Amino acid sequence: MLSLRTPEGITFSLPLASPVSRFLAWLIDCACILAASAVFSKVFSVVGVADRGLAEASMVIGYFAISVGYGIACEWRWRGQTVGKRVIRLRVMDSEALNLQFSQVVVRNLLRFVDALPAFYLVGGAVCLLSRHSQRLGDLAANTIVIRQPKLVEPEAERWRTAKLSAKYNSLLEHRHLAARLRQRVPPRLAAIGFEALTRRDRLDSRARADLFAELAAHFKAAVEFPAEIEEQLSDEQYVRNVVEVLYLK
């Protein structure tokens with residue numbers, strides 16, 4: 001478990017993924033990579049009829065491109081997840097819980113081959129077991145962590161209703177496609193932080209409260225951009241309130 005404290009004094013914890021769960025996700029990703037490589041090999045087997053050496057070189061380069069490109073494309077497109085991580089419910093994050101940067105995704109995936117040495121991720125597994133936050137070499141170099149992403153259950157939505165934090169009118173719900181995209185892109189942990197911030201807002205002084213909701217609103221706006229006229233009409237706290245209502249009341 002990784003505990004983080006915001007400048008506003010809010011402490012929250014991120015459940016770190018175990019080496020076993022990461023290995024299971026890797027097995028699923030390996031199956032996806034092998035399937036894509038098999039299709040690639042079928043296509044280039046035609047080239048082997050004319051030039052066997054060119055075909056073999058193309059297959060080696062193709063496998064490298066697929067294995068690296070798969071991780072980079074998936075983790076960037078799905079905000080820190082591959083097919084395997086989505087199935088096992090894991091997610092890559094910046095070690096300070098900030099937005100994952102493209103350079104971080106590239107670095108951790110390029111170093112995957114070093115972690116995989118000599119076989120079955122022995123180097124990466126050993127480093128993961130010994131490191132404080134269960135990070136492999138790629139994570140240490142990219143300053144990333146892998147967390148477990150627990151599924152939000154219905155009682156959380158009930159907490160939202162009973163807390164009486166729901167606004168009478170939510171302009172974000174007018175844009176159903178953007179609201180659906182928001183539910184897809186915002187990780188449950190960030191949604192939970194937004195909810196806790198709303199329930200504890202009266203315990204903060206005015207400056208800390210304003211800074212906290214400004215930071216949360218910025219994170220939500222970075223995930224999905226709603227029409228400017230809607231965002232401009234809402235304060236940061238009201239925007240967070242509306243976003244959390246969208247996330248919890250489907």
Side-chain angles (χ1 to χ4, degrees), residues 1-4 14-45 47-48 51-150 187 189:
M1 190 73 71
L2 175 64
S3 295
L4 297 173
L14 296 174
L16 296 171
S18 68
V20 174
S21 62
R22 294 182 65 169
F23 183 73
L24 292 175
W26 173 74
L27 288 178
I28 296 173
D29 289 331
C30 277
C32 295
I33 292 172
L34 290 175
S37 298
V39 174
F40 184 84
S41 298
K42 286 288 185 181
V43 173
F44 272 84
S45 61
V47 179
D51 190 330
R52 184 176 180 82
L54 177 61
E56 292 178 351
S58 298
M59 289 180 185
V60 171
I61 296 173
Y63 176 78
F64 176 81
I66 290 171
S67 57
V68 174
Y70 166 83
I72 293 175
C74 288
E75 289 183 358
W76 182 243
R77 176 66 180 82
W78 289 336
R79 300 173 66 84
Q81 289 187 305
T82 58
V83 174
K85 289 184 178 69
R86 287 172 76 94
V87 172
I88 307 299
R89 301 193 67 82
L90 306 179
R91 184 181 296 275
V92 180
M93 295 184 65
D94 177 87
S95 61
E96 298 295 328
L98 302 174
N99 287 334
L100 193 63
Q101 301 299 313
F102 183 71
S103 58
Q104 292 175 293
V105 174
V106 172
V107 169
R108 74 183 309 275
N109 279 282
L110 287 178
L111 287 178
R112 191 176 296 278
F113 291 100
V114 179
D115 281 307
L117 295 175
F120 298 106
Y121 265 78
L122 289 180
V123 170
V127 174
C128 193
L129 287 171
L130 295 174
S131 64
R132 182 181 178 185
H133 297 141
S134 299
Q135 295 167 292
R136 62 177 177 83
L137 290 177
D139 290 317
L140 292 171
N143 198 33
T144 56
I145 55 174
V146 180
I147 65 166
R148 288 184 291 106
Q149 191 171 32
R189 178 56 56 180

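Because the structure is predicted, anything quoted here is derived from the model rather than measured.
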Identified side-chain hydrogen bond (donor to acceptor under 3.5 Å, both in side chains) counterpart of Arg108 within the set Asp115, Asp139, Asn143: Asp139
Separation between CZ of Arg86 and CD1 of Ile28, rounded to the nearest 0.5 Å: 12.5 Å
Polar side chain donor-acceptor pair, Gln81 to Arg91, under 3.5 angstrom: yes
Flag if over 12 foreign heavy atoms under 6.0 Å of CZ, Phe23: yes
Contact summary for Asn109 and Gly71, nearest pair of heavy atoms: OD1-CA, 3.3 Å
From Asp94 atom CG to Thr144 atom OG1, the distance as rounded to the nearest 0.5 Å: 8.0 Å
From OG (Ser134) to CZ (Arg148), nearest 0.5 Å: 10.5 Å
Heavy-atom pair of closest approach, residues Tyr70 and Gly84: OH-N, 4.2 Å
Plane angle bin for Trp76 and Phe102 - parallel if under 30°, tilted between 30 and 60°, otherwise perpendicular: perpendicular
Exercise: identify the closest heavy-atom pair between Ser67 and Phe113: OG-CZ, 3.3 Å
Inter-residue atom distance Ser21.OG - Arg89.CZ, 0.5 Å rounding: 12.5 Å
Minimum heavy-atom distance between Leu100 and Met93, given as atom pair plus value: CD1-C, 4.0 Å
Short side-chain to backbone donor-acceptor contact, Gln135 and Leu140, under 3.5 Å: no
Gap separating the OG atom of Ser41 from the CD1 atom of Ile66, nearest 0.5 angstrom: 7.5 Å
Steps toward side-chain contact (heavy atoms from CB on, under 4.5 Å) verdict (Val83, Trp78): CA-CA 9 Å; Val83 174; Trp78 289 336; 3.8 Å; yes
Enumerate donor-acceptor pairs with a distance under 3.5 Å from any side-chain N or O in residues 116-129 to protein atoms, sequence neighbours excluded.
residue: Tyr121; atom: OH; partner: Arg112; partner atom: NH1; Å: 3.0

Test item: Thr82 and Trp26 side chains (from C-beta on) under 4.5 Å apart, heavy atoms: no
Gln149 side chain near Lys85 side chain, heavy-atom distance below 4.5 Å: no
